[in-house]
Amino acid sequence: MALINVTLPDGTVNEYAAGVTCSEVITDAIGRKNGCVAALVDGMERDMSFSLEKSCSVEGIKAESDAGMYILKHSTAHLLAQAVVELYPNAKPTIGPPVDRGFYYDFAMEPITESDLKPIQKKMQELARRNLTIERIELDDKELQEHFQDNPYKIEIINDKIGEGIGSTIYQQGDWYDLCLGPHVPNTAKLMFCKLTSVSSAYWRGDQEREQLVRIYGIVEPTKEALKETVRRMEEAKKRDHRKLGRDLQLFHIDEEVGQGLILWTPRGATIRQELQNFIGSHLQRQGYSQVFTPHIGKLDLYRTSGHFPYYQDSQYPPLVEKDLMKKLSDEGCSCSELSNLMKSGEIDGYMLKPMNCPHHVKIYSSQARSYRDLPIRLAEFGTVYRWEQSGEISGMTRVRGFTQDDAHLFVTEEQIAQEVLGCIELVQIIFDILGMSDYRIRVGLRDPDSTKYVGDPKRWDKAEEACRNAAKSLGVEWSEEEGEAAFYGPKIDFVVKDVIGREWQLGTVQVDYNLPERFELTYKGSDGQLHRPVMIHRAPFGSMERFCGVLIEHFAGRFPTWLSPTQCHILTISEKHTQYAQTVADALKERGVRVEIDDGDDTIGKKIRTHRKLHPAYMVILGDGEAEGNTVSLRARSGEQIADLPLEDFISNLCEEISQKIAQPSLV
RNA sequence: GCCACUGUGGCUUAGGGGUAUAGCACCUCAUUGGUAAUGAGGAGGUCGCGAGUUCAAAUCUCGCCAGUGGCUCCA
């Protein structure tokens with residue numbers, strides 16, 4: 001029998017008879033309980049049962065590694081399919097890939113509900129306990145067709161994705177098998193620690209025109225403890241959900257009668273937003289921006305020129321038509337579709353709720369003759385815009401139909417692009433630092449060189465792309481270039497923030513734009529006495545105040561830093577005797593601009609603490625006889641820690657210091 | 001927009017063909033209490049909206065509205 005040399009990761013070389021399996025090699029190297037789900041053979045992922053026929057390197061893939069988790073999830077998806085088919089013999093499995101948070105599997109079957117998941121999960125665990133061997137079987141074209149003749153979806157995959165004469169593999173566990181390239185874990189016992197999380201729907205191959213499938217989501221971990229931890233994290237995420245916290249903490253309200261996706265900022269939420277805007281505003285001033293205000297609507301013609309009306313109609317509210325004109329048209333028997341056509345063709349005009357602020361800002365630019373000496377001109381506005389999001393997309397504050405961008409448009413010369421882009425992202429970095437949102441990355445959207453959809457001179461694009469790339473690099477955070485992700489009018493930088501639970505949110509964006517200056521024929525007079533075209537930079541570092549606040553609520557789990565906290569001190573009295581002193585303390589704090597709430601009701605102090613804790617104030621100030629006599633306060637922090645009899649003046653000055661320094665978390669106790 | 005599920009007083013929720021639970025919150029009274037619920041009493045709902053079936057609908061059916069989870073698209 002032929003002998004082969006197997007090289008292990010530590011460099012040792014062992015001799016084996018050809019045909020030895022990965023499993024045997026790994027068992028020899030690191031023992032039976034090696035925690036591996038598959039192996040890397042010469043860098044290629046293989047099953048543990050893969051037999052080695054020639055000399056090679058072998059390395060075990062641990063379940064908890066990224067590659068291992070991928071395999072674990074993938075195999076669990078198969079297990080799910082097996083369980084579903086056993087319980088629902090008519091269900092046709094389609095595809096079941098691993099995803100970030102776990103895995104899913106799509107089935108063509110009668111809809112099921114969440115309550116149906118329990119029996120399925122039980123069945124999965126039963127199958128896992130049976131410790132079925134998962135076996136890889138190679139089939140030729142004909143055998144493939146035969147094996148999946150009852151499942152048109154698999155046949156479609158076989159016909160579309162697998163070339164003729166190549167054949168493919170199936171993985172079999174018990175009497176169930178699935179089309180798959182693998183690799184998979186060696187047996188179902190490795191899939192014990194799984195949990196089905198939700199059921200929903202998806203289109204076959206993501207195509208709206210095709211069948212709607214039942215999608216079942218699940219998670220899996222290598223150990224019981226890891227599964228428990230993951231479930232705990234998911235529950236934690238649920239508790240942080242800004243939709244729930246927003247209601248509990250009275251930050252915002254969405255009312256059916258006002259409309260879907262329209263946020264009503266209640267006083268406490270408005271305070272947070274105002275603080276953020278003040279903060280941003282102070283930096284805008286420092287960076288040489290000019291504040292402007294523009295109305296919420298504009299004439300249709302404006303948006304014809306900008307291109308918004310013709311190209312983005314699907315995502316806009318329908319235009320508003322003046323009432324006299326409306327009456328005249330309706331008297332003439334004009335139908336809605338005729339009206340719509342007349343608007344499209346430009347025969348009648350109307351107004352649009354603005355979907356973007358740029359056209360208004362462009363008009364401010366062009367309201368005067370501009371010289372190169374004026375540039376860059378930076379116009380900033382917290383501008384509210386309206387977009388017709390699909391109803392199924394709307395969610396809390398993160399996906400809405402009316403939102404306020406922390407918007408600005410910079411009108412610059414070609415040479416100024418690089419520096420201005422840099423200035424735009426400086427602000428983002430400052431506020432992310434202050435808020436402790438250190439976990440973010442940057443996507444640089446570049447054009448796809450093979451596409452013709454981009455407007456403007458390729459040389460200018462190269463320069464602008466280089467500027468974006470350099471700006472991204474300069475921040476020293478993770479960034480990636482993404483070809484084909486540029487807007488049609490210019491390259492862009494997107495900020496993607498990770499919250500403490502690990503979910504990613506796209507927030508702000510910086511975009512270079514050659515298109516709008518062209519469309520509006522913007523000019524400035526250069527030093528050469530000639531008219532030149534400026535370049536525009538759009539930037540909304542936080543995207544929208546709504547989404548940003550939604551993310552912040554979840555980031556802080558409702559426990560805002562003192563400077564952002566809607567109420568910074570909750571003053572609780574021990575008894576009614578102390579109301580007057582409480583008022584004195586409150587007045588002194590308000591005098592210094594601190595946001596205060598007094599509870600001088602007749603609840604016991606224990607009850608008051610319990611009640612106020614739910615609102616997560618930065619501090620509770622407890623006042624009784626001792627404090628009133630000594631002109632002091634007693635503090636209780638969110639953590640539950642306390643200090644007693646702090647002189648009032650010391651407390652106020654320390655608190656004000658904490659607020660003005662924008663300290664991330666309360667630090668006085 | 002599409003699919004599935006859900007919709008009971010401000011919030012959480014029981015019930016499920018004979019007009020409805022409970023807790024918290026709220027109001028009143030008593031209590032003046034020192035760091036995670038003082039006690040007693042009271043008020044508040046045509047069970048998302050509209051039709052239909054039925055002697056009778058919160059409960060069954062249909063339509064609409066809204067929410068949730070996804071799919072497709074964006075800040």
Side-chain angles (χ1 to χ4, degrees), chain A residues 99 104 106 110-116 197-217 238 241 243-244 247-248 250 253-261 312 314-315 355-357 383 385 387-407 487 492 494-496 505-509 511 538-548 550-551 572-579 600-614 620-627 634-637 640-644:
Chain A
V99 289
Y104 67 81
D106 287 348
E110 288 299 306
I112 60 170
T113 68
E114 303 261 328
S115 58
D116 297 317
T197 51
S198 67
V199 55
S200 106
S201 74
Y203 301 103
W204 171 231
R205 301 186 122 181
D207 183 348
Q208 267 196 70
E209 303 299 313
R210 305 208 55 182
E211 298 89 319
Q212 194 98 33
L213 306 171
V214 172
R215 173 170 293 183
I216 298 175
Y217 282 88
K238 220 178 206 167
D241 191 321
R243 293 168 298 191
K244 177 170 166 45
R247 194 172 45 227
D248 293 350
Q250 303 154 32
H253 174 65
I254 299 169
D255 197 292
E256 238 183 90
E257 294 193 48
V258 173
Q260 236 190 330
Y312 297 107
D314 286 350
S315 58
M356 286 186 170
N357 299 305
V385 300
R387 298 186 192 168
W388 186 263
E389 289 294 335
Q390 300 190 90
S391 62
E393 270 309 317
I394 289 168
S395 173
M397 295 183 107
T398 47
R399 205 47 174 274
V400 294
R401 282 190 173 154
F403 57 96
T404 303
Q405 296 178 309
D406 57 325
D407 209 1
K492 62 174 183 177
D494 288 332
F495 295 90
V496 180
W505 302 84
Q506 209 229 289
L507 293 171
T509 179
Q511 306 182 352
H538 307 242
R539 47 112 278 187
F542 311 113
S544 82
M545 298 314 292
E546 283 76 7
R547 179 177 286 181
F548 192 63
V551 172
L572 315 183
T573 54
I574 298 290
S575 85
E576 278 171 16
K577 287 185 299 198
H578 312 112
T579 299
D600 57 0
D602 59 1
D603 284 330
T604 58
I605 191 66
K607 181 59 188 292
K608 286 180 186 177
I609 288 168
R610 188 184 164 86
T611 303
H612 288 266
R613 259 178 64 93
K614 290 181 188 162
M620 287 190 236
V621 176
I622 292 164
L623 304 179
D625 287 340
E627 290 79 6
S634 289
L635 286 189
R636 187 181 211 278
E641 286 181 87
Q642 308 160 21
I643 39 175

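Worth knowing before you read on, the calculation uses all heavy atoms, side chains too, and leaves out hydrogens, waters and symmetry mates. A, B, ... follow the sequence lines: proteins, then strands. Residue 1 opens every chain.
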- Interatomic distance, T579(A) atom OG1 to L623(A) atom CG [nearest 0.5 angstrom]: 10.0 Å

Under 4.0 Å between any heavy atoms, over every strand shown, what does [X] touch: base, sugar-phosphate, or nothing? Just pick one.
X       : value
L572(A) : nothing
Y217(A) : sugar-phosphate
G392(A) : base
E546(A) : nothing
G624(A) : base
I112(A) : sugar-phosphate
R399(A) : base
D207(A) : nothing
L213(A) : nothing
E576(A) : base
G508(A) : nothing
I574(A) : base
V385(A) : nothing
S198(A) : sugar-phosphate

Distance check, [atom1] atoms only: [N] and [M], in whole angstrom units.
N      : M      : atom1 : answer
A14(B) : C3(B)  : C1'   : 30 Å
C47(B) : A22(B) : C1'   : 15 Å
U59(B) : U28(B) : C1'   : 36 Å
G7(B)  : C49(B) : P     : 13 Å
A4(B)  : A37(B) : P     : 47 Å
A20(B) : G44(B) : P     : 13 Å
G50(B) : C24(B) : P     : 32 Å
G42(B) : A25(B) : C1'   : 14 Å

- Item | Sidechain-backbone polar pair: D241(A) side chain, K238(A) backbone, donor-acceptor under 3.5 Å | no

- Under 3.5 Å: donor-acceptor pair, side chain of E546(A), backbone of R399(A): no

- Query: Tell me, which stems hold RNA chain B, with a stem being 3 or more Watson-Crick or G-U pairs in a row and both distances under 3.5 Å?
  - Reply: B:1-7 with B:65-71, B:10-12 with B:22-24, B:26-30 with B:38-42, B:48-52 with B:60-64

Under the side-chain hydrogen bond (donor to acceptor under 3.5 Å, both in side chains) test, which residues partner [X], sequence neighbours left out?
X       : result
R215(A) : Y104(A), D106(A), Y217(A)
S315(A) : none
K244(A) : D248(A)
Q405(A) : N357(A)

- Can you name the residues that form a ring-ring contact (aromatic ring centres under 6.0 Å, His included) with H578(A), not counting sequence neighbours? none

- Query: Who are the ring-ring contact (aromatic ring centres under 6.0 Å, His included) partners of F542(A), not counting sequence neighbours?
  - Reply: F548(A)

- Task: On RNA chain B, check which nucleotide each of A202(A) and K608(A) is closest to and give me the residue with the more 5' one.
- Result: K608(A)

- Nearest-nucleotide check on RNA chain B, G261(A) vs L623(A); residue mapping nearer the 5' end is L623(A)

- Task: Identify the 5'-most and 3'-most nucleotides of RNA chain B with at least one atom closer than 4.0 Å to a non-hydrogen atom of chain A.
- Result: G1(B) to A75(B)

- salt bridge (charged side-chain N to carboxylate O under 4.0 Å, His left out) evaluation trace for R205(A) with D207(A): CA-CA 5 Å; R205(A) 301 186 122 181; D207(A) 183 348; over 6 Å; no

Under 3.5 Å, which donor-acceptor pairs do the side chains of residues 602-610 of chain A form with other protein atoms, sequence neighbours left out?
unit_1: T604(A); atom_1: OG1; unit_2: K607(A); atom_2: N; d: 3.3
unit_1: K608(A); atom_1: NZ; unit_2: T573(A); atom_2: O; d: 2.7
unit_1: K608(A); atom_1: NZ; unit_2: T573(A); atom_2: OG1; d: 3.0
unit_1: K608(A); atom_1: NZ; unit_2: D599(A); atom_2: O; d: 3.3
unit_1: K608(A); atom_1: NZ; unit_2: G601(A); atom_2: O; d: 2.9

